[in-house]
Amino acid sequence: MNSGMGSMPVGDVIPEIVLLVGTVVVLLFALSAPRRVQWWSSVIAIVTIGATSAVTVKLMSAGSIPQRLTFFDTYAIDGAALWAKQIILAASAIVVVLSVDWFRSDQRHGEYYAIVLMSALGAIMMAGAADLMELTLAVLLSSATSSVLIAYHRQSRRAGEAAIKYYLLGALSNGLMVYGIVLLFGLAATTTYAGLATALRTAHSLPLIAGVALTIVGLAFKIGAVPVHAWMPDVSEGAPAPVSAFVTTLPKIGALIALARLMAIMPEATSGWRPVVALLAALTMTIGNVAALWQENIRRLLGWSAVSQTGYGMMAVVALNRSDLAAPSLLYFLVAYTLGNLAAFGVVIQLRGEARITHYHGLAQKHPVLAGAVVVSFLSFVGIPPLAGFAAKVALFGASIDAGYAWLAILAIVNTVISLAYYARIIGHMYFSDPSGEDSSGSLAIMGWAPNACVLICSLAIVAVGIAAEPLFASFRAALLLP
């Protein structure tokens, strides 16, 4: 590993610079362009995302994937961060396309894309943060922009209520995280992860446990984990549907990598972080699945489903430093979850946000492509082969067993069976209910071709990623979590 101590090589953060410059261009265009051409902001955003991804690919293919810390050991340029960056960028591009028709009549249509790009930058920075101050900046950037996105429909009472809940819970969680970071800094006299890994080995146990626990709470908010998970179903239902897709997906990618990177350097014997994360994973998946059983609104159901999926993803964090499957299973899970969640929300967007279960009655007869996308995404969440979710869950279960947490894998299997009940209920209504009712799928007008294309692409990608699981895992195995 080449350390970045004493150096600030700008080339290491060219992707972030490209994304930031593109965000500024989008914002300036949106502020100066007339309303009729505001949609061009989405084109500029897509170009920005493409350019950022291309630069990242170049960085990844320069001989081999780099594994180093940079900017005085505060930022990681490693496989986990680079792959997470590509997942975040791909998901951002899909969300931008899903948003065009939805926000076309909004007078501030163009500014929306600048906030999306800025929030994506926050998620990317979370994935690469190797310093507590860097992590704080990334979390606050992601949280502040997400609050604005959730409340983007100013006249919507549901959007306003969801934004307030997100903001208040985020303020509490982020405040607790800052307290935890202060404790860790006080114990180690440094904020870099490389310094923390050494200094915390001899730290007093009680303040170390408090610092780690409070920091976990802040990241738990970003991924939608217990005990700060309650915002996720409210945001899923109340926010603009493309924003719901965005906020329940992208911050989770960056925050799960951030949680894994931070926990990997903590001394397990004195901090006790592993059983704490395992307990939170168990509670998160169980509460998410049980709560989803009673939902009559598809968007709230997807919100609780997102909570349960967070619990599965945290199993990879539990297995860190004990299983070789931990890092690759986490990255593969993030790919599978992102595709499934965007496909499911893409259907909601295509149906113009209508999300009562009755709206899905007979959907397979009226809109077979949309119904097929729901089936593919839901079955992937359950873990049915050959879909992406199957390989993800097998890897996560294997990692947990390797780490000595077989009980967590067994609980995850039980939760998977529970989740099949509410997913199957929706699938049954789509294929066997009458589509001619007043509020059924036969009465709905779909949005347009762009969301339909995104739904189709995500659905096909779920199948392709599942079939190509072995080469993908081979690529992810080379990904390290520095420092």
Side-chain angles (χ1 to χ4, degrees), residues 80 83 87 220 223-226 252-253 256-257 259-260 263-264 268 273-290 292 304-341 376-424 462-463 465-477 479 481:
W83 278 115
I87 300 169
I223 62 179
V226 171
K252 185 176 297 189
I253 300 169
L256 269 173
I257 297 294
L259 179 63
M263 292 302 102
E268 182 179 351
W273 68 265
R274 198 182 302 273
V276 171
V277 175
L279 178 61
L280 293 182
L283 291 173
T284 299
M285 67 176 73
T286 303
I287 291 174
N289 281 317
V290 171
W304 284 113
S305 171
V307 172
S308 71
Q309 294 296 317
T310 295
Y312 299 129
M314 292 175 72
M315 295 170 66
V317 180
V318 174
L320 285 171
N321 301 330
R322 288 192 179 182
S323 172
D324 292 337
L325 286 172
S329 65
L330 176 58
L331 289 170
Y332 189 90
F333 163 79
L334 291 174
V335 173
Y337 169 75
T338 298
L339 291 172
N341 203 49
V376 169
S377 62
F378 282 4
L379 293 185
S380 181
F381 287 152
V382 173
I384 303 298
L387 304 177
F390 170 73
K393 286 197 171 181
V394 169
L396 291 170
F397 297 164
S400 293
I401 293 172
D402 285 348
Y405 280 80
W407 67 267
L408 185 59
I410 294 172
L411 181 63
I413 294 172
V414 172
N415 271 279
T416 297
V417 175
I418 294 174
S419 70
L420 184 59
Y422 60 82
Y423 290 134
I462 291 171
V463 179
V465 168
I467 294 173
E470 186 173 349
L472 277 174
F473 266 106
S475 299
F476 293 155
R477 281 186 184 276
L481 276 168

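All values below come from the heavy atoms of this structure, side chains included, with hydrogens, waters and symmetry mates left out. Along the sequence shown, residues carry numbers from 1.
- Put simply, the side chain of Leu325 reaches to within 4.5 Å of the side chain of Arg477, judged on heavy atoms.
- The backbone N or O of Val335 lies less than 3.5 Å from no partner atom in the side chain of Thr338, so there is not a single donor-acceptor pair.
- Atom CH2 of residue Trp304 and atom OH of residue Tyr422 lie 11.0 Å apart, to the nearest 0.5 angstrom.
- Minimum interatomic distance between Ala412 and Met315 (heavy atoms only, all atoms of both residues): CB-SD, 3.8 Å.
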In residues 383-393, what donor-acceptor pairs under 3.5 Å come from side-chain atoms, sequence neighbours left out?
residue: Lys393; atom: NZ; partner: Phe381; partner atom: O; Å: 2.9
residue: Lys393; atom: NZ; partner: Val382; partner atom: O; Å: 3.1
residue: Lys393; atom: NZ; partner: Thr416; partner atom: OG1; Å: 3.0

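- With sequence neighbours left out, the ring-ring contact (aromatic ring centres under 6.0 Å, His included) criterion links Trp83 to Phe476.
- Between Gly313 and Phe333, the shortest heavy-atom distance links the atoms CA-CE2, 3.5 Å.
- Each salt bridge (Lys or Arg N to Asp or Glu O under 4.0 Å) pair with one or both residues in residues 306-324, not counting sequence neighbours, appears once here: Glu268-Arg322.
- A heavy-atom distance below 4.5 Å is not found between the side chains of Ser305 and Phe378.
- Between Leu330 and Ala316, the shortest heavy-atom distance links the atoms CB-CB, 3.6 Å.
- Of the possible donor and acceptor atoms, one in the side chain of Ser329 sits under 3.5 Å from a partner among the backbone N and O of Ala326.
- Within the 4.5 Å cutoff, no side-chain heavy atoms of Gln309 are placed close to those of Asn341.
- A pairwise comparison of heavy atoms in Ala264 and Asn321 identifies O-ND2, 3.2 Å as the closest pair.
- Checked against side chain to side chain donor-acceptor pair (under 3.5 Å), Thr284 has no partners two or more places apart in sequence or in another chain.
- Between Val277 and Val317, the shortest heavy-atom distance links the atoms CG1-CG1, 4.1 Å.
- With sequence neighbours excluded, the residues that form a side-chain contact (heavy atoms from CB on, under 4.5 Å) with Ala220 are Ala225, Val228.
- Using a 4.5 Å heavy-atom cutoff, the side chains of Ile287 and Val307 are not in contact.
- In this structure a side-chain-to-backbone donor-acceptor pair under 3.5 Å is present from Thr310 to Ile223.
- The ring-ring contact (aromatic ring centres under 6.0 Å, His included) search around Tyr332 returns Phe473, not counting sequence neighbours.
- Between Ala281 and Met314, the shortest heavy-atom distance links the atoms CB-CB, 3.7 Å.
- The side-chain contact (heavy atoms from CB on, under 4.5 Å) check on Val414 picks up Ile418, with sequence neighbours excluded.
- In this structure, Ile257 and Leu331 have side chains that are in contact, with non-hydrogen atoms separated by less than 4.5 Å.
- Not counting sequence neighbours, the partners of Ala278 by the side-chain contact (heavy atoms from CB on, under 4.5 Å) test are Val318, Tyr405, Trp407, Leu408.
- Not a single donor-acceptor pair under 3.5 Å links the side chain of Arg274 to the backbone N or O of Met263.
- Here Asp402 pairs with Ser323 under the side chain to side chain donor-acceptor pair (under 3.5 Å) rule; sequence neighbours left out.
- Residues satisfying the side chain to side chain donor-acceptor pair (under 3.5 Å) criterion with Ser400, sequence neighbours excluded, are absent altogether.
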